[in-house]
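Residue numbers begin at 1 in each chain, while the letters A, B, ... track the order of the sequences.
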Amino acid sequence: MSTNQSRRDFFKTTAAAGGGLVLGFSWFSSEAFQPQVVGTAAADAIDFNAYLAISPSGTVTIFSPNPEIGQGIKTAFPIIVAEELDADWEKVKVEQSPLDTKKFERQLTGGSGAIRHSWERLRKAGATARALLIEAAAQQWGVPASECNAQKGMVVHSSGKKLSYGDLAVAASKLPVPKEVKLKATSSFSLIGSRVKGVDNKDILTGKNLFGIDYKRPGMLHAQVQRPPAFGLKLKSFDATEAKKMPGIVNVVSFGNKVAIVGKTNWEVMQARKAVKIEWEKEKDLESSADHDRLFKEMLNGTNVTVQRKDGDVEAAFKNAHKVIEAEYQCPFLPHSPMEPMNFFAHFKGDSIELAGPSQTPEAAQKQIAKMLNIAPEKVTLELTRMGGGFGRRLNTDYAVEAAELSSIIKAPVKVTWTREDDMTGGIYRPAVRYRFKASIDKAGNMTGFMLHGAGMNAGNSTRQDNFPAGAVDNLLIQSSDHKSPITTGPWRAPITNFLAYAEQAFLDEVAAAAGKDPVQFRLELLDKAEKSPVGKITYETKRFREVIKLAAEKSGWGKKKKGISQGFSVYFSHASYVAQVAEMTMAKGKPVLKKVYAAVDCGIVINESSAKNQIYGAIVDGIGHAMYGNLTFKDGAPQQENFNKYRLIRYNEVPDIEAHFVNNGIEPTGLGEPALPPTGGALANAIFKTTGKRLYNQPFADQDGPLG
Amino acid sequence: MALFQLKINGKNYPVDVDANTPLLWVLRDHLDLVGTKYGCGMAMCGACTVHVNGDATRSCVLPISAVSAANITTIEGLSEKGTHPVQEAWDEVDVPQCGYCQAGQIMTASALLSKNPNPSDKDIEEAMVGNICRCGTYHRIHDAVKVAATKMKK
């Protein structure tokens, strides 16, 4: 846990081992940046924060603290530092920092928040180092610093003299750190916003051991864990007599409601696992999908509701309406299905434990493991590996805690690896949700009332009560109900909004149609209303909302006739960014085919053009795939899909063309890991309606009767 | 247990394992060749793709006894320094997001191009459809295969 002292903004210069400039800075402090010199001791001071090191050879090393999950953070953070440093990007070396709660804050991956949170801090870190290097050169040349500039890892004097950062590192490390530094004008960025390849590309493409599942230590054992096969069951008894005799098997132990099979290799463990005889018994209700369908209806018609937001009088609006539109939308549970299944390494050593693996929330894992083992958090060390995806699954620490517990029982270094079946049936899903919408319009086609009731399965508040169209409607009621299910749930990329956005954007299309208005015009009118006479609290910026809508309409030629093409529109504000999409469909051989998706994105300043586009394309593909195919069903508490033979993920041949455009407004970056996903299902559903006349109310689309096969 | 003499990436590897052990787990747990990835264990996702006598093959369902006489190539052996045209194309196009599936994608694409140096879009689709990328990098995979094909002609 960070203390006040360690959270204080911090800057340190020191001669590193081998001689060189090592700058420590806080990436994440919420307080103002106040650099200070703390001497030239080795880098072991307790509140010595993150580092940027420059070696005499000229190599700039940037330690990236946040876990890399494929969102490109390990490349993006260093880009920001290197931009303000004017480093030669070709000479920048990036290293993943292990968990260090004393140096870093918010060392996690989630909420599309890393860049937003650290933008200014990273810039100041680079700019401060740059100022020191310039000062060191100026002193060496005996000229004013104002006559010097920096470019590509060199300080250059107006006379043409040059010194490299490597040459200056030692001298710079002895200078007092400036109290204030000038940041670049955003218009002068050259590295930020350019196309930069991923820093781990080479290792990925040559098969290096980057991922948790690849992690190995001498003497390490492999384990798999048999967890209850249905939600609501608990362990009654087990017999491992046969399994223990099998080749390569070291131990079979039980903890919690699980049985762990420990051995020398994964394959041997898998074989022995089949030989363990386990009896389970019922502990809680064993729910089936049919039960969920019934529970949704009971919740939506029941009185056990929590009012999340209420503006005006929605009942009066419905009573006085020219037209009332009602609809319900439903989505199933979804597993996250990262390509790398859950896994974690743990080595319990009595009064300490060493861990390594893929985690979006290493600090939470550290705390929970410390508590479970009754040791101090600093005795729990955690090395962060690259993650083979996560999509929110690795925000939950269950699999790391489980590995730690197993190691503490068997007192040996062990890696627990989940099979795909374990991963798909082991829980923590996107919750199933059903929404009821109701809206009223007056004779002029204005939306006078809007009601949303969300009913979720372990979803908590399944609404986002302050999201659009809240603020744009005089009479509004947002409420939620929730069922406490034994089926475990958690965040899934763009939590709640990954489905809410589709339902809401499809429903708004229905309202626009009832009002006889163009869907784009209808949304723009609502934003006008929110801007000119806002109702209650507004969390979105109408101007940014409007700009992405207009950009998507412009780029897609919205409203212009295209032969054989129907368009569906959707726009959503999520996390802190705005994304509008237009989906284009055509009929081919009697079936609607998605041809193209246009995306207009306002995520503020783009850090890395390549990975930003990769995120947008990927989020759209993700959104299409799960809207079309994703479906996890239950029978008596047991998931009915256990692997990719029954659970369908979108494939190469199923993606449309995509075109992504950015709003260039110079606003500080607002995040991009999630925001392009939520609008996708809505654009797709609205295009399907335009193409087929059929409105799809339930996901997945491909499972429904009708033209989609 | 039985002794197998495997030929992987041009080297000989003796391994003493159960004859049913899939090649994937021999590579990963016995030989420390972890570039070949486990994804599903039932040949549905393609993460475990290697070359067996030049053919793209799912190693997760391939018993070691079936490949004892074969020439096996893994991602680690596709090129000595990561300079195979497909690897270079994957880097230039900046394909990866999380990167986990990409070794399998590259092994599938390189097998395709070795047999069909001038693949049509349909050919590429037929080859790549068996490899899942959960991050959704399919557009870049397409572009990278095209770039690699151009490189291989030079």
Who wins among [options] for the most heavy-atom pairs under 4.5 Å with chain B?
| options | result |
| --- | --- |
| A:Arg386, A:Glu340, A:Glu68 | A:Glu340 |
| A:Ile69, A:Ile624, A:Asn653, A:Val621 | A:Asn653 |
| A:Asp622, A:Ile620, A:Asn209 | A:Asp622 |

Taking side chain as everything from C-beta outward and backbone as N, CA, C, O, which of these in [X] sits under 4.5 Å from a heavy atom of chain A? Side chain, backbone, both or neither.
| X | value |
| --- | --- |
| B:Ile106 | side chain |
| B:Val95 | backbone |
| B:His142 | both |
| B:Glu76 | both |

Just by modelled atom types, is the [Y] backbone N or O under 3.5 Å from a matching donor or acceptor in the [X] side chain?
| X | Y | answer |
| --- | --- | --- |
| B:His30 | A:Thr265 | no |
| B:Gln87 | A:Leu205 | yes |
| B:Arg134 | A:Pro338 | no |

Does any backbone or side-chain atom of [X] lie under 4.5 Å from a heavy atom of chain B? Answer side chain, backbone, both or neither.
| X | result |
| --- | --- |
| A:Glu268 | side chain |
| A:His336 | backbone |
| A:Pro358 | neither |
| A:Met270 | side chain |
| A:Lys613 | both |
| A:Phe211 | side chain |
| A:Met339 | both |

Using a 4.5 Å cut-off on heavy atoms from C-beta on, say whether the side chain of [Y] contacts that of [X].
| X | Y | answer |
| --- | --- | --- |
| A:Tyr652 | B:Ile124 | yes |
| B:Cys40 | A:Met424 | no |
| A:Arg420 | B:Met42 | no |

Next on the checklist: Can you tell me if A:Lys646 has over 12 outside heavy atoms packed within less than 6.0 Å of its NZ?
Outcome noted: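 No.
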
Out of [options], which one racks up the most heavy-atom pairs below 4.5 Å with chain A?
| options | value |
| --- | --- |
| B:Val86, B:Asn20, B:Thr36, B:Val17 | B:Asn20 |
| B:Val129, B:Asp29, B:Val26, B:Val34 | B:Asp29 |
| B:Cys133, B:Cys45, B:Cys101, B:Gly136 | B:Gly136 |
| B:Glu92, B:Arg140, B:Glu126 | B:Arg140 |
| B:Pro96, B:Ala103, B:Gly82 | B:Pro96 |
| B:Ala43, B:Pro22, B:Gly35 | B:Pro22 |

Checklist entry - Who in residues 195-204 of chain A is close to chain B, using a strict under-4.5 Å heavy-atom cut-off? => result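 Listed by number: A:Arg195, A:Val196, A:Lys197, A:Gly198, A:Asn201, A:Lys202, A:Ile204.
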
Checklist entry - Are side-chain N/O atoms of B:Arg28 and A:Thr417 paired as donor and acceptor at under 3.5 Å? => result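 No - no donor-acceptor pair under 3.5 Å links their side chains.
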
Next on the checklist: Working to the nearest 0.5 angstrom, can you tell me the gap between B:His139 NE2 and A:Glu659 CD?
Outcome noted: 11.0 Å

Checklist outcome for this item: Here the gap from A:Leu649 atom CG to B:Met44 atom CE, rounded to the nearest 0.5 Å, amounts to 9.5 Å

Restricting to non-hydrogen atoms, name the atom on [X] and the atom on [Y] that form the minimum distance, rounded to 0.1 Å.
| X | Y | value |
| --- | --- | --- |
| A:Thr419 | B:Tyr38 | CA-OH, 3.2 Å |
| B:Asp32 | A:Lys216 | OD1-NZ, 2.6 Å |
| B:Thr137 | A:Asn614 | CG2-OD1, 3.9 Å |
| A:Ser610 | B:Asp94 | OG-OD2, 2.5 Å |
| B:Gly39 | A:Phe644 | O-CE1, 4.1 Å |

Next on the checklist: Between B:Cys135 and A:Tyr617, does the side-chain contact (heavy atoms from CB on, under 4.5 Å) criterion hold? Intermediate values first, please.
Outcome noted: CA-CA 9 Å; B:Cys135 299; A:Tyr617 279 53; over 6 Å; no

Next on the checklist: Strictly less than 4.5 Å between heavy atoms, which residues of residues 144-154 of chain B line up against chain A? Please order them by number.
Outcome noted: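 None at all.
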
Checklist entry - Centre of B:Tyr138's six-membered ring, under 6.0 Å away, within 45 degrees of the axis: is that where NZ or CZ of A:Arg651 sits? => result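 No cation-pi geometry.
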
